[in-house]
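Note sheet for the following structure.
All residue numbers refer to positions in the sequence shown, counting from 1.
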Amino acid sequence: MADAKDDGYGAGSGSTVRAAGDGGRGFLGEVRDAVSTRAALVMLGALLLQLSFALSYMGAFHAPKPHQVPITLVAPPAVQQDLMARLDALPGDPLDVTPVATRAEARARLLDRRTDAALVVAPASRTDILLVASAGGPTAATAAAEILQEVARAEQRTIVVRDLRAPSAGDSRGLSSFYLVLSWTIGGYLAASALNMAAGSKKPTLRRTLVRLTAMLPYGFVSGIGGAIIVGPVLNCLPGAFWELVGIGTLVVFASGVVGVALQSVAGTVGLGITILIFTILGNPSSGGVYPPSLLPPFWAAIGQALPPGAGTTVVRNTVYFDGNATTGALWILGAWAFGGVVVAILTAALRRKRRREVRPEERAAAAH
């Protein structure tokens with residue numbers, strides 16, 4: 001009898017009761033218990049990011065088509081206008097032609113990053129010269145060469161391509177700048193996310209927000225040094241300009257990080273999703289790292305250089321290969337994102353503190369009654 005009593009109140013009986021209870025709850029009950037509303041919303045958000053990723057990358061890259069690729073034309077006045085008219089009349093408007101008087105001027109425009117190619121026509125010969133700088137993006141140079149060679153064949157002429165600034169041996173496809181900036185931007189917002197996971201971070205105070213923003217600066221500096229070491233001494237992808245790359249990396253990581261801090265301060269976990277949307281889903285395919293704006297669909301071509309990945313890729317590429325030409329605008333873009341992130345993060349925390357101070361007296365009065 002003692003044993004029976006123990007069985008009635010012991011673990012065995014309890015297990016039976018729980019099992020019966022679980023069975024009574026059924027499969028849907030188990031699902032409701034295992035997947036909370038919050039978890040379901042997070043999964044939905046992940047699904048939307050996943051589909052957005054696929055749409056953005058494949059939308060940008062699935063069918064690259066040249067549109068207004070900037071080229072410079074050097075030709076005698078007798079043939080210049082006729083040739084410009086024929087190039088401007090090509091189906092799909094693939095070229096944007098700018099005439100100049102001398103080969104030296106065309107060369108300067110190419111190295112200043114104001115053009116992707118320069119066609120030098122020699123009427124006395126059947127061979128023309130196409131100057132390119134493939135370090136600025138091999139796909140743009142290749143697209144311009146293919147179009148112009150097709151035009152030349154129709155005129156029974158030949159084009160010889162001369163590359164004035166090729167990528168380094170370790171950067172044969174010219175993509176190292178893009179991948180370096182990609183690593184910096186992802187590192188920045190992941191660091192911000194790590195800070196957001198700290199205790200009490202759901203609604204950070206103004207002091208904690210200032211600490212987070214400040215922490216992104218040394219993190220960015222270390223990231224800049226690490227990236228410059230990898231693409232320089234370690235892999236020899238982007239040799240030279242070591243300290244310039246450190247500075248660029250610091251700015252890129254800081255901008256990405258403080259935007260991440262700001263958006264997560266405003267919207268919590270949703271803010272991380274918005275950060276990924278801006279930097280990775282929209283920013284990377286439109287950056288010009290794989291295809292330049294002239295080969296991207298209109299939407300991606302329009303937004304690319306206004307987002308940190310595009311601005312960062314331009315600054316790195318032009319600093320390493322083109323003596324820092326055409327980087328001012330991109331640096332301003334990065335600075336604007338960094339400044340905006342700092343301002344939004346501080347204002348959000350300050351407004352939250354103000355609301356708390358306004359609510360507390362009312363709570364104390366209600367408690368007194």
Which atom pair, heavy atoms only, marks the closest approach of [X] to [Y]?
X      : Y      : answer
Ala75  : Val121 : CB-CB, 3.9 Å
Pro297 : Gly59  : CG-O, 3.4 Å
Val74  : Ala106 : CG2-CB, 3.5 Å
Ala140 : Asp116 : CB-OD2, 3.7 Å
Gly283 : Leu307 : CA-CD1, 3.7 Å

Is the number of heavy atoms from other residues, nucleotides or ligands within 6.0 Å of [atom1] ([X]) greater than 12?
X      : atom1 : value
Phe61  : CZ    : yes
Arg107 : CZ    : no
Arg126 : CZ    : yes
Gln68  : CD    : yes

Any heavy-atom pair between the side chains of [Y] and [X] that's under 4.5 Å?
X      : Y      : result
Gln264 : Val270 : no
Pro99  : Gln80  : yes
Leu245 : Val320 : yes
Leu110 : Thr72  : no
Ile303 : Leu282 : yes
Leu73  : Met84  : yes
Val97  : Asp88  : yes
Val259 : Val344 : no

In one Ile/Leu/Val/Met/Phe/Trp/Tyr side-chain cluster, 4.5 Å: [X], [Y]:
X      : Y      : answer
Ile276 : Phe53  : yes
Tyr291 : Tyr57  : yes
Leu195 : Leu206 : yes

Kindly say whether [Y] contributes a backbone atom to a donor-acceptor pair with the side chain of [X] at under 3.5 angstrom?
X      : Y      : result
Thr280 : Leu277 : no
Arg352 : Pro204 : yes
Asp163 : Ser134 : yes
Asp171 : Ser168 : no
Ser193 : Tyr189 : no

> Got a second to check how far Arg157's CZ is from Leu148's CG, nearest 0.5 Å?
Replying inline: 12.5 Å

> Listed by chain and number, what are the side-chain contact (heavy atoms from CB on, under 4.5 Å) partners of Ser177, not counting sequence neighbours?
Replying inline: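 side-chain contact (heavy atoms from CB on, under 4.5 Å) check on Ser177 returns Leu238, Thr313, Val316, Arg317.
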
>> Could you check whether Asn318 and Thr327, counting side-chain N and O atoms only, form a donor-acceptor pair closer than 3.5 Å?
In response: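 Asn318 and Thr327 do not have a side-chain donor-acceptor pair below 3.5 Å.
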
> Does any donor atom in the side chain of Ser56 or Trp300 lie under 3.5 Å from an acceptor atom in the other side chain?
Replying inline: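 On atom types as modelled, these side chains qualify, holding a pair under 3.5 Å.
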
>> Within 45 degrees of the ring normal and closer than 6.0 Å to the centroid, is that where the cationic atom of Arg165 sits relative to Tyr321?
In response: no

>> Could you list the cluster mates of Ile229? Members are the ILVMFWY residues connected by side-chain heavy atoms closer than 4.5 Å, either directly or through other members.
In response: Phe221, Ile225, Ile230, Val234, Leu235, Phe242, Trp243, Val246

